[in-house]
Amino acid sequence: MPDTNRPYPFLKPWISFLCLFACPIMAGESQCPIQFSDVTRQTGIRFVHTDGSSGRRYIVETVCCGLALLDFDRDGDIDIYFVNGAPLPGSQIDPPPRNALYRNDGGWKFSDVTAIAGVGDTGYGLGVCTGDYDNDGDLDIYVNNFGPNVLYRNNGDGTFTDVTQMAGVAAGNQVGAGASFLDMDGDGDLDLFVANYVGFTFENHRISYMSGFPSYVGPLNYPPTANVLYRNNGDGTFTDVSVASGIAAHLGSGMGMICADYDNDGDTDIIVGNDLSANFVFQNDGTGKFREVGAALGLAYDVLGNVHGTMAVECADWNNDGWLDFYMTAYQRQMATLYQNKKGQFFEDVSRQTGAGSGTYPNVTWGTRMVDLDHDGYRDIFIACGHLIDNVEQFDDTTSYHARNILLRNNGQGRFVNVSDQCGDGLLPKLSSRGAVFDDLDNDGDLDVVILNSRREPTILRNESKSPHHWVQVQLRGGKSNRDGIGARVTVRAGDLTLIDEVHSGRSYQSDSSKRLYFGLGPRQTIEQIQVRWIGGGVDVVKNAGIDRLVTVVEGSTQVPPPEPASKP
C-alpha cells in the first residue's frame, strides 16, 4: 500500500506506456482447459465480511482479511473458516460480526457450525493459520487480530477451546498480519511465527486527501513493528523467542508471509512480505536461529531495486527444476513479481520475460496461489484483485475499487498466458477481493477456490476443467515429526516428470489452505515413486502409488492405505 500523501496525478501520462512495458498482453488460447463456475449461492454459506468502516478511514480497514481451509473434523471433506472484521469507532453493526466456521456436508452444501464449535471470535480479524500444535490428531486454529490474537485448540469432537492465555500466544495489542505454524528446530513440535503490520493506534490515526478526496494514509505514516516467534514447549505452552532467535531485530510492515525451505537444506526458513519496505528472508540455521538475508538473495526488492507494497507471498516450483520459487503480489502500479530460485544462491525477477505479471499493473493484487489447475504438470497463477480505497475512481481513472480476478496459465514453455476471459463465469464478476484459498472441496481431484471479498459475501468457485490428464494427491501423517508433516518436502517422480512441493501452514495473503498436496501428471499413467523428506531428517519412499487418487504417507512406513480412486461426477 502506498504512502497516499504522495502525489500521483503527474504519473498518469506515463501509465499506458509503462503498462505496455511492464505487462505484455499475451495471446490467449482459443479453448482454455481451465474452467470455473460460481457455486456460491448453492452452498448455503451466508457469511458477509465487514471491515468495520464508518468513513473515518482507519488503516486497518484496508488490510482485512484472510480465511482458511481445513478438515477440522477429519471426515475427509474440506471445511471453511472465514475471518471477519469488527466495528471500529464510529461504526455500529447489529448483530456484532464474528468469524465463521462452515462444515462441508458434501454435494456443495455447507453448514454454519460456528456456535457449536466455539470459534466465533468477535475481535478484529486479519490473518489465520491452522496446525496441530499439540500433536493430538486434530487441526487447531490461530487467528491474528488487530488486538490480542486467539488460539483455538481442537477438542476432536467438533468443538474448540480458547487456550490463548494458557498457551501464552496473545502477542499483545498489535495490528496482526499473516501467521504460520512451523517446526523451526526439528523437534517434532509446531512453533508459531506471527507477522505484525504497523504501530497503528486510534490515538495516532491520520487521514489523507487525494485531489481533495478523503483517503487512507499508507504504512509509512506509522512506526514499523517487530514480528513475533514462539517456541513450542511441548506441554501446551509457548515461549516468546523473538529476541533470542534474531527475529525481533528487524522492524518492518509485515503482510503476507510463508515458511518454506528456499535453500533445500532441510530446515524451514521464513519469508515475510513488507508493505513499502524491503521484504524479509529469515534463513534458519536448523536450530531455530535466524539471519535476515532478503537483500542478498534478491527477494527484498524487484529487478529495478524498488520496494513494493507487498501483499501476499506464495511459493512453488513453477518451472519444475527442483527449487521453490516465490510470487509476491503488490499495490497498484507495481507489477506482481515472480522470483525464480537460482539453486538457493539468489533469486531472479523473471516477471516480465515470463508474463507472470500480466494484467496486474493497474490493480491492487492480494491473495494468490501457484497451483496446477488443469493437471498438465505445470503450476498456474491465480491472483485476487481489488483496490483498498473505495472512492479511488473519484481521483484516479486508471484503476477501480472493484476488479476482476486474474488467472495466468502456465504453458509449460516458460511463459504464462492470461486466460482470465476464457475460463468460465467464475472470473467474470468485479469485486474487491482479499484472501484466496485452494483445495478440492468436492473430492473430485481438482482444485476449487474460495475467495474472501471485502464488505460482502465470499465467492466459491468450482473447478470444472475438462482435462484428460492424471493427478495424485498426497497427505502426510507424521509420527516423530509433527502430525500433518508441516515443512516436509514431497517429491513425485512420474516418467520424465519430477515435481516437488511442501506442506505449509499459513501462506499468501493472511490465509491458509489445507495440508493436502496436489500434483498434476499430464498424460503419465504411472508414478515410479513418492519421496517424503520429513522435518527432523527421516525419509520415506512409496513406490507405484497409483494415479488419480489420494495417497496417505505415514512416517516410518511404506504402507499406503488403498482408498478407492476419486472420479469426477
Side-chain angles (χ1 to χ4, degrees), residues 22-23 26 66 178 180 254-262 269-275 279-281 294 297-303 306-321 323-331 334-342 344 346-361 363-373 378-385 405-411 414-420 433-438 447 449 451 499-502 504 506-513 518:
C23 304
M26 304 180 64
S180 176
M255 290 284 277
M257 48 82 61
I258 197 167
C259 296
D261 183 6
Y262 81 85
D269 312 295
I270 303 172
I271 298 87
V272 182
N274 286 310
D275 190 354
N279 301 318
F280 293 148
V281 178
L297 287 174
L299 281 173
Y301 311 97
D302 70 6
V303 69
N306 297 319
V307 295
H308 279 197
T310 305
M311 300 299 183
V313 181
E314 162 68 347
C315 71
D317 182 10
W318 83 275
N319 57 349
N320 296 341
D321 67 352
W323 296 83
L324 291 175
D325 311 295
F326 288 83
Y327 192 75
M328 300 187 188
T329 55
Y331 195 70
Q334 297 172 341
M335 187 166 57
T337 307
L338 176 61
Y339 296 94
Q340 185 167 315
N341 194 333
K342 298 296 184 177
F346 68 95
F347 287 80
E348 180 184 359
D349 179 348
V350 295
S351 311
R352 290 166 176 78
Q353 57 265 47
T354 63
S358 176
T360 63
Y361 187 81
N363 300 305
V364 181
T365 51
W366 302 86
T368 185
R369 280 292 300 274
M370 290 192 286
V371 286
D372 186 352
L373 294 170
Y378 296 96
R379 293 178 178 270
D380 314 298
I381 303 176
F382 186 100
I383 307 155
C385 302
N405 296 326
I406 296 171
L407 178 58
L408 307 178
R409 183 171 182 258
N410 188 334
N411 69 2
R415 301 282 291 179
F416 290 91
V417 178
N418 191 335
V419 295
S420 307
S433 301
R434 297 294 185 266
V437 288
F438 296 72
L447 287 164
V449 191
I451 305 161
L499 304 170
I500 68 162
D501 204 354
E502 287 182 354
H504 297 125
R507 69 190 310 155
S508 186
Y509 184 73
Q510 300 182 352
S511 297
D512 198 3
S513 295
Y518 296 81

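Note: hydrogens, waters and symmetry copies are ignored here, and every other heavy atom, side chains too, is used. Just so we're clear, the structure is a prediction, and the values are computed from it rather than from any experiment.
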Next item on the list: First locate atom CE of Met255, then atom CH2 of Trp366, and finally report the distance between them rounded to the nearest 0.5 Å.
Entry: 5.0 Å

Notebook entry, point to check: Do Tyr331 and His308 touch side chain to side chain, with heavy atoms closer than 4.5 Å?
Noted result: no

Check: With sequence neighbours excluded, what pairs up with Phe326 under the ring pair (Phe, Tyr, Trp, His ring centres under 6.0 Å) test?
Finding: Phe347

Next item on the list: Check the pair Thr365, Asn363 against side-chain hydrogen bond (donor to acceptor under 3.5 Å, both in side chains), reporting the backbone distance first and the verdict last.
Entry: CA-CA 6 Å; Thr365 51; Asn363 300 305; over 6 Å; no

Item checked: Check: Asn418 side chain, Leu408 main-chain N or O, donor-acceptor pair, under 3.5 Å -> no

Note to self: Counting C-beta onward and ignoring hydrogens, is there a side-chain heavy-atom pair between Tyr262 and Leu297 closer than 4.5 Å?
What the structure shows: yes

Checklist line | Straight-line distance of Ile271 CD1 to Phe280 CZ, nearest 0.5 Å | finding: 13.0 Å

Item checked: Side-chain H-bond candidate by donor/acceptor type, Thr310 with Asn279, under 3.5 Å -> yes

Notebook entry, point to check: Does Arg369 have any side chain to side chain donor-acceptor pair (under 3.5 Å) partners at least two apart in sequence or in another chain, and if so, which?
Noted result: Glu314, Ser513

Check: Is any side-chain heavy atom of Gln353 less than 4.5 Å from a side-chain heavy atom of Gln340?
Finding: no

Notebook entry, point to check: Nearest heavy-atom pair of Gly254 and Val272: which atoms, and what distance?
Noted result: CA-CG1, 3.9 Å

Note to self: Once side-chain contact (heavy atoms from CB on, under 4.5 Å) is applied, do any residues pair with Asp372, and if so which ones, sequence neighbours excluded?
What the structure shows: Asp374, Asp376, Asp380

Margin query: I'd like to check the ring pair (Phe, Tyr, Trp, His ring centres under 6.0 Å) partners of Tyr378; sequence neighbours left out, ordered by chain and number.
Written below: none

Checklist line | Test log, rule side-chain contact (heavy atoms from CB on, under 4.5 Å), inputs Met335 and Arg352 | finding: CA-CA 9 Å; Met335 187 166 57; Arg352 290 166 176 78; 3.5 Å; yes

Item checked: Residues which pass side-chain contact (heavy atoms from CB on, under 4.5 Å) with Asp512, listed by chain and number, not counting sequence neighbours -> Ala68, Cys129, Thr130, Ser505, Lys515

Next item on the list: Give a yes or no answer on whether the side chain of Ser508 reaches the backbone of Thr368 with a donor-acceptor pair at less than 3.5 Å.
Entry: yes

Next item on the list: Assess Arg379 against Trp318: is NZ or CZ under 6.0 Å from the centre of the six-membered ring, and within 45 degrees of the ring's axis?
Entry: no

Check: With a 4.5 Å heavy-atom cut-off, do Asn306 and Gln334 have their side chains touching?
Finding: no

Notebook entry, point to check: Counting distance only, does the side-chain N/O of Arg507 pair as donor-acceptor with the main-chain N or O of Val437 below 3.5 Å?
Noted result: no

Checklist line | Student check: side-chain heavy atoms of Leu373 and Leu407 closer than 4.5 Å | finding: yes

Margin query: Just to verify, what does Glu502 make a side chain to side chain donor-acceptor pair (under 3.5 Å) with, not counting sequence neighbours?
Written below: Arg489, His504

Checklist line | Modelled atom types, side-chain donor and acceptor of Ser351 and Asp349, under 3.5 Å | finding: yes

Check: With side chains defined as the heavy atoms from C-beta onward, is the minimum distance between Phe382 and Val371 less than 4.5 Å?
Finding: no

Notebook entry, point to check: What is the minimum heavy-atom distance between Tyr339 and Met328, and which atoms define it?
Noted result: CE1-SD, 3.9 Å

Note to self: Strictly distance-based, threshold 3.5 Å: is any side-chain N or O of Asp317 a donor or acceptor partner for the main-chain N or O of Ile500?
What the structure shows: no

Margin query: Any non-hydrogen side-chain atom of Tyr327 less than 4.5 Å from a side-chain atom of Ile381?
Written below: yes

Check: Do any N or O atoms from the side chain of Thr360 and from the backbone of Gly357 form a donor-acceptor pair under 3.5 angstrom?
Finding: yes

Margin query: Quick check: closest heavy atoms across Ala384 and Ser433, and the distance to 0.1 Å?
Written below: CB-CB, 3.8 Å

Note to self: Taking Asn341's backbone N and O only, do any of them form a donor-acceptor pair with Asp325's side chain (distance below 3.5 Å, no angle check)?
What the structure shows: yes

Item checked: Over all atoms of both residues, closest heavy-atom pair of Ile406 and Ser358 -> CG2-O, 4.0 Å

Check: So how far is it from Cys315 SG to Asp261 CG, rounded to the nearest 0.5 Å?
Finding: 9.5 Å

